[in-house]
Amino acid sequence: MASSVKLSGTTTSALEPITSRLSIIQSKATEKREIDPRRAKDEEELLKEIGYKQELHRTFSTFQTFGIAFSIMGLLPSIATCMGTGLYTGASGLVWGWFVSGIFILSIGVGMSELCSSIPTSGGLYYWTNYYSPDSIRVPLSFVIGCSNSVALCAGVCSVDFGFAGELLSAVYISKDGDFDITVYNKYGIFAACLLAHVALVTFSRGKTAAVQSVSSYANIGICLLFFIAVPIGTKINMGGFNDGKFIFGDMENYGGWSNTGWEFCNGWMVCIWTIGGFDSCVHMSEEANSTGFSIPIGIIGSISICWIVGFFICITLGACMSTDVDSVIDTGSGEAIAQIIYDSLGKKWAVAFMSLICICQFMMGASLLLAASRQIWAFSRDDGLPFAKYIKVVNKKYRQPLRATYFAGGLSLFICCLTLAGDTAADALFSLAVAGNYLAWTTPIFLRLTVGREKFKPGAFYLGPIFSPIVNWIAVFWTAFVIILCMFPSSSSVTASTMNYTVVINPGVWVLSILFYFTYKYKYYHGPKSNLQDPTAEDIAELERIKHQKTKEVALVKVSSRDASSNSDSVV
């Protein structure tokens with residue numbers, strides 16, 4: 001017998017046709033609010049217009065908002081983590097792959113900036129999806145986007161912290177002159193310790209989370225400057241000079257698993273795609289930022305632009321200083337191509353010191369990304385979008401921080417990274433999982449705003465205008481479609497268990513499971529973004545307690561007065 005569920009007086013079969021279930025979902029959907037950022041006098045009033053009360057401290061300045069995205073990108077550490085892929089078509093493939101892909105990534109940043117300038121909220125991506133979608137699908141689609149973004153951010157935490165483990169072990173490998181075995185087990189152990197440290201850092205920094213982003217930004221700037229000075233000097237002294245322009249900009253060899261050099265060149269773009277990511281972190285911090293109309297776009301576009309330009313020169317420097325034996329750099333025993341380049345240029349001691357500094361910056365990256373992931377998870381739980389939402393969405397009243405969301409993000413990241421124990425091929429899927437999941441979440445609201453939701457869009461302080469805005473946003477849509485397909489391809493044209501790209505299973509699996517979970521269970525609780533303006537605040541609760549206490553005292557006084565009056569009456573008698 002088919003099971004049934006009761007929803008507000010309506011009995012429905014779990015095997016009911018999907019159209020019937022959609023009509024129920026549509027009838028229970030929260031009302032769309034009319035939002036015009038030009039009407040609000042400040043961020044708090046605009047947030048009320050969006051439907052939420054101000055629960056978190058607005059402590060992020062424009063630089064600190066930029067800093068969280070810049071910190072997550074962690075330019076040199078990120079390139080260090082995955083630059084081997086970019087070298088599959090030689091140094092020139094790394095250089096030009098970075099340059100080309102960076103232009104297209106910027107188009108996504110512009111589209112996201114326009115959306116956040118109009119509707120700045122921590123759950124921006126799924127909120128915008130709900131806002132600009134047709135009524136018939138807006139709730140399920142926003143749920144899938146919320147799940148995709150939450151899982152992708154936690155996968156990003158995994159890939160950053162797992163990269164940290166690889167860089168730390170490469171420093172150990174160099175210090176021991178290769179007499180050390182790097183395994184997935186010691187990598188996972190270091191990853192787990194790193195992740196727990198991040199949870200502790202985000203938890204105990206409390207009101208100082210904004211300041212942490214400033215420190216991380218300065219650390220990343222400092223290590224880039226050191227790289228530009230030390231590595232070329234070491235190459236000139238120890239290697240006799242630099243590679244010629246043809247090797248850096250012209251020669252395009254093929255050291256990868258695809259016979260088609262052009263496609264292998266496209267695969268190399270993943271270095272830039274993975275590095276210049278996480279800029280949606282500015283969106284997730286928008287309820288803690290000041291002057292969101294400008295600070296969020298500056299944070300997003302500024303971090304992308306600076307990383308694109310500076311990263312381009314880092315790639316040129318690496319191409320100029322690396323050994324011309326590209327195979328030996330890619331297949332280095334340390335597991336990190338950049339560690340081999342620094343070792344060749346500066347020697348053992350400098351290589352260990354440099355990799356240690358890179359590890360410190362990578363550590364700060366992971367902390368920043370966990371912070372952003374916790375804000376997305378908190379926002380999605382606030383709208384009852386995640387399992388155990390009523391527990392996760394609780395904000396610590398003393399510090400005005402969503403600490404439980406931080407713990408949930410850490411636990412989910414720890415679970416996802418168990419994938420790495422299946423081997424290097426499965427571990428590589430973490431990078432693509434973060435990219436594909438985020439790209440779908442980033443661009444779905446951009447596409448909806450260009451099409452069915454174009455009449456609802458009200459520009460905020462940042463807007464390219466009616467001519468250039470659609471052009472840039474359509475470029476972002478087509479670029480995203482290409483990147484998601486690129487993420488799904490295996491590393492070799494000959495697909496085996498060791499070359500299989502499991503992203504093609506994991507990412508669609510996340511999306512399909514999200515849909516199934518929603519239509520079988522979560523549709524009873526998630527009805528789209530909902531206003532919490534009527535929920536009692538801590539001050540409201542305190543006032544209610546004061547009134548209750550006062551009434552209790554008044555009742556007690558009345559009883560005492562009545563008893564005294566009765567006693568006096570008895571005395572008279």
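Values in this document were obtained by computation on a predicted structure and should not be read as measured data.
Here the shortest heavy-atom pairing between Ala461 and Ser117 reads N-OG, 2.9 Å.
Remark: aromatic rings of Phe380 and Tyr126 are close, center separation under 6.0 Å. Taking the six-membered ring for Trp, Phe70 and Phe66 have ring centres closer than 6.0 Å. You'll find the ring centres of Tyr526 and Phe143 inside the 6.0 Å limit.
Ionic pairing of Glu287 and Arg382 is present here: one or more N-O contacts between side-chain nitrogen and carboxylate oxygen are shorter than 4.0 angstrom. Ion pairing of Glu288 with Arg375 is present here, as a side-chain N (NZ or NE/NH1/NH2) and a carboxylate O approach within less than 4.0 Å.
The side-chain hydrogen bond (donor to acceptor under 3.5 Å, both in side chains) analysis of residues 188-198, with sequence neighbours excluded, yields the pairs Asp161-His198.
No more than 12 heavy atoms of other residues, nucleotides or ligands sit less than 6.0 Å from atom CZ of Phe447. Counting non-hydrogen atoms of neighbouring residues, nucleotides and ligands closer than 6.0 angstrom, the CZ atom of Phe63 exceeds 12 such neighbours. Other residues, nucleotides and ligands contribute at most 12 non-hydrogen atoms within 6.0 Å of the CG atom of Asp181.
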Run the side-chain donor-acceptor check on residues 384-392: report pairs under 3.5 Å with partners two or more places apart or on a different chain.
{"from": "Asp384", "atom 1": "OD1", "to": "Lys393", "atom 2": "NZ", "distance (Å)": "3.3"}
{"from": "Asp384", "atom 1": "OD2", "to": "Lys530", "atom 2": "NZ", "distance (Å)": "2.4"}

Checklist entry - Does the pair Phe180 and Leu169 meet the rule for a side-chain contact (heavy atoms from CB on, under 4.5 Å), with working shown? => result CA-CA 9 Å; Phe180 181 78; Leu169 289 172; 3.7 Å; yes
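Using a 3.5 Å distance cut-off with no hydrogens or angles, the side chains of Ser148 and Trp511 do pair a donor with an acceptor. With 3.5 Å as the limit, one finds no donor-acceptor pair spanning the side chains of Thr129 and Ser142. Side-chain N/O atoms of Thr443 and Thr480 include a donor and acceptor closer than 3.5 Å. Side-chain atoms of Ser216 and Ser71 include a donor-acceptor pair closer than 3.5 Å. With 3.5 Å as the limit, one finds a donor-acceptor pair spanning the side chains of Tyr52 and Asp383.
Relative ring orientation between Trp442 and Phe279 is described as tilted, the plane-to-plane angle lying within the 30° to 60° band.
Shown here are the salt bridge (charged side-chain N to carboxylate O under 4.0 Å, His left out) partners of Glu55, two or more places apart in sequence or in another chain: there are none.
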